[in-house]
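Ligands are counted one by one from 1 in listed order, and the atoms in each one are counted from 1 as well. Position 1 is the first residue of the sequence; numbering continues from there.
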Amino acid sequence: MTDVAATALEAFRTELERLQRDAATVLAAAVDEAAIEAARIEFAGARSGRLKAAQKLLGGLDPAAKPEGGRLFNEAKAAVAALLEVAQERVGSAEESLPPVDVTLPGEILPRGHMHPITRTIRQVQEIMGRLGFESVDGPEVEDQWHNFEALAISPEHPARDPLDNFYLSVAQAADPLLLRSQTSTVQIRVMESREPPLRIVSLGRVYRPDTADATHYPMFHQVEGLLIEPGTTMAHLKSVLRLFASSFLGGDVHVRFRPSFFPFTEPSVEVDMEWGGRWVEMGGAGMVDPAVLAAVGYDPDVVTGFAFGLGVERIAARRYGVDDIRDFYRNDVRFLRQF
Ligand code: FA5
């Protein structure tokens, strides 16, 4: 091989090396299909790609240099093809894992929930009672013997204190076993202990009893407790407040019926039934606050009078919304809940 032919072959080798280096740089920076296609045209394009130009140079080499030149050219061509393939795979898998984004599409509409019917009932009761001048207050769900029973004149041997009728949290032998409150009447005591009359309060919250769940019972339910302490209060005021409440909440002219009953903390005591749509339903208990309770909280029973009532929130909500089974409120079935 002449010196001239050897120099031309060396120049050819240098050009092929530069071509491969450039292809590697360009393809490493390619981030999408379009960049790879541009690189393919630049390096391997059939008409004006750089490999095509190198092939033309190969044709001009000295016959003695051609076998080596051909080998170098095939190597470079295979290297560019491999670089293209690797880049293609990298970009393809990245694009597959990313969902295509069409920014002109409207956003995903998230389903919007609404208040649970029991929460809504609680707010409505608070609002109605607020208009009648009753301030909304809260009390703890974990209670002691004093607030759940003793101050309410429920004696130690009263069946309401039976361990089978309550969720006690500490051992029964403990001096003052705590329990999940079984009624919201506890809040009457807490408020009267900390404030002086006159009082108009309403308290809505959860209470717990080991009752078997059925259409009208649930082991966890809500009560609304009302307490009014004002001079000259009578049962007539109690009935008027309950009737005004029932008419506002249920709508229309709701009749309220009192049936004689017994609660240790009211005297006289009554069961409260409401008639609506031709049916009477028991909603709760009520009565004049017993003098023993007034004395327990430090009031003078000869001077202070008042009434109290406690209604089942699930019962009044069921009545209001025409629900036959209060268990439906807690089944978490959105098809049921969506209706309200
Ligand atoms: C009481 O709990 C008294 N504290 C009510 C009271 C307050 C009387 C103030 C006098 C003065 P009773 O145990 O009857 O009373 O419950 C009241 C209401 O709670 C019932 O009428 C009923 O509507 C509701 N209730 C009782 N147990 C359940 C239960 N397991 N599931 C759903 N609601 C219930």
Side-chain angles (χ1 to χ4, degrees), residues 117-118 121-122 125 129 134 139 143 147-149 151-154 158-162 164-167 179-192 199-229 233 235 237-239 241-242 245-246 249 256-274 276 280-294 297 305-320 323-330:
I118 294 298
T121 301
I122 288 172
V125 172
M129 294 307 293
F134 287 74
E143 269 297 4
H147 291 95
N148 203 84
F149 300 123
L152 289 162
I154 302 174
H158 195 283
R161 293 175 78 152
D162 195 303
L164 295 177
D165 286 330
N166 294 283
F167 288 109
L179 75 162
L180 295 177
R181 67 179 176 189
S182 59
Q183 51 183 348
T184 44
S185 297
T186 53
V187 185
Q188 291 181 34
I189 304 301
R190 290 192 172 271
V191 171
M192 288 192 285
L199 288 175
R200 277 191 199 199
I201 59 106
V202 70
S203 187
L204 285 106
R206 288 190 199 99
V207 300
Y208 304 84
R209 292 179 193 177
D211 288 347
T212 304
D214 62 24
T216 52
H217 293 83
Y218 211 71
M220 184 283 304
F221 60 103
H222 296 75
Q223 284 188 337
V224 43
E225 189 83 13
L227 173 71
L228 181 146
I229 304 283
T233 306
M235 291 288 275
H237 296 118
L238 169 63
K239 200 165 189 180
V241 165
L242 287 171
F245 162 73
F249 181 73
V256 172
R257 178 172 76 183
F258 283 173
R259 277 180 294 119
S261 186
F262 174 76
F263 294 100
F265 38 94
T266 45
E267 182 58 38
S269 302
V270 291
E271 296 290 341
V272 181
D273 299 338
M274 291 179 187
W276 192 64
W280 288 99
V281 179
E282 183 204 304
M283 294 293 189
M288 300 303 290
V289 181
D290 195 291
V293 175
L294 297 170
V297 298
T305 52
F307 67 67
F309 62 86
L311 313 177
V313 172
E314 281 74 5
R315 301 262 180 104
I316 59 175
R319 197 88 192 93
R320 165 88 160 71
V323 172
D324 295 328
D325 189 330
I326 67 165
R327 286 171 293 189
D328 286 337
F329 288 126
Y330 300 115

Exercise. Which residue and non-hydrogen atom of the protein lie closest to atom 16 (O) of ligand 1, and at what distance in Å?
Worked result: Q223 NE2, 3.4 Å
For this session: May I ask you to identify, for F265, whether its side chain, its backbone, both or neither come under 4.0 Å of ligand 1 on a heavy-atom basis?
Result: side chain
Exercise. Do any nitrogen or oxygen atoms of S185 come within less than 3.5 Å of a nitrogen or oxygen of ligand 1?
Worked result: yes
For this session: Determine whether the side chain, the backbone, both or neither of A286 has a heavy atom under 4.0 Å from any heavy atom of ligand 1.
Result: backbone
Seminar exercise, completed: CG (L227) and OG (S203) are apart, to the nearest 0.5 Å, by 10.5 Å
Seminar exercise, completed: Distance col, row Q223:CD vs L311:CG, nearest 0.5 angstrom, shows 8.5 Å
Exercise. If you round to the nearest 0.5 Å, how far is NE2 of H147 from CD of Q188?
Worked result: 11.5 Å
Problem set entry | Residue and atom name of the nearest protein heavy atom (relative to atom 15 (O) of ligand 1), distance in Å to one decimal | F263 CE2, 3.5 Å
Problem set entry | E314 CD to T216 OG1 distance, which is reported to the nearest 0.5 Å | 11.0 Å
Problem set entry | R320 side chain to F249 backbone, donor-acceptor under 3.5 Å | yes
For this session: Check ligand 1 against Q188 and write out every atom of the ligand that is under 4.0 Å from a heavy-atom position of the residue.
Result: 9 (C)
For this session: Do me a favour and list the nearest non-hydrogen protein atom to atom 8 (C) of ligand 1 with residue, atom name and distance?
Result: G285 C, 3.4 Å
Problem set entry | D165 side-chain N/O to R209 backbone N/O, donor-acceptor pair under 3.5 Å | no
Exercise. How far does CD1 of I316 sit from NE2 of H222, to the nearest 0.5 angstrom?
Worked result: 11.5 Å
For this session: State whether the side chain of R161 and the backbone N or O of I154 hold a donor-acceptor pair below 3.5 Å, judged by distance alone.
Result: yes
Problem set entry | Heteroatom distance test (S182, ligand 1): nitrogen or oxygen, under 3.5 angstrom | no
Problem set entry | More than 12 heavy atoms from other groups under 6.0 Å of CG on D324 | no
Exercise. Does ligand 1 have an atom under 4.0 Å from some heavy atom of V272?
Worked result: no
Exercise. Below 4.5 Å, heavy atoms only, C-beta onward: do F307 and L242 meet side chain to side chain?
Worked result: no
Exercise. Could you give the distance from CD1 (I122) to CZ (R206), rounded to the nearest 0.5 Å?
Worked result: 8.0 Å
Exercise. For D211 and ligand 1, does the shortest N/O to N/O distance drop below 3.5 Å?
Worked result: yes
Seminar exercise, completed: among protein heavy atoms, the one nearest atom 22 (C) of ligand 1 is R315 NH1, 3.4 Å
Exercise. Any idea which protein heavy atom is nearest atom 34 (C) of ligand 1, and the distance to it?
Worked result: F221 CE1, 3.2 Å
Exercise. Looking only at protein heavy atoms, which one is nearest to atom 4 (N) of ligand 1, and how far off is it?
Worked result: Q183 OE1, 2.7 Å
Exercise. Below 3.5 angstrom, do we get any N/O pair linking T266 and ligand 1?
Worked result: no
For this session: Measure from atom 5 (C) of ligand 1 to every heavy atom in G310, A308, P264, A213 and give the option owning the shortest one.
Result: G310
Problem set entry | ligand 1 versus E314: contacting region, heavy-atom distance under 4.0 Å | neither
Problem set entry | Identity and distance of the protein heavy atom lying nearest atom 31 (N) of ligand 1 | Y218 N, 2.9 Å
Seminar exercise, completed: atom 21 (O) of ligand 1: closest protein heavy atom, distance to 0.1 Å, is E282 OE2, 2.8 Å
Exercise. Where does the angle between the aromatic ring planes of F263 and F265 fall among parallel (under 30°), tilted (30 to 60°) and perpendicular (over 60°)?
Worked result: tilted
For this session: Using non-hydrogen atoms of the residue, decide whether H222 is closer than 4.0 angstrom to ligand 1.
Result: no
Exercise. Which is it for T216 and ligand 1 at heavy atoms under 4.0 Å: side chain, backbone, both or neither?
Worked result: backbone
For this session: Please work out which of the three classes, parallel, tilted or perpendicular, describes the rings of F167 and Y208, given edges at 30° and 60°.
Result: perpendicular
Exercise. Judged by atom type as modelled, is there a donor-acceptor pair below 3.5 Å linking the side chain of Q183 to the main-chain atoms of N148?
Worked result: yes
For this session: Decide whether the shortest distance between a heavy atom of V313 and an atom of ligand 1 is less than 4.0 Å.
Result: no
Exercise. Hey, is R209 touching ligand 1 through its side chain, its backbone, both or neither, going by heavy atoms under 4.0 Å?
Worked result: side chain
Exercise. Numbering the atoms of ligand 1 from 1, which are under 4.0 Å from a heavy atom of M283?
Worked result: 21 (O), 23 (O)
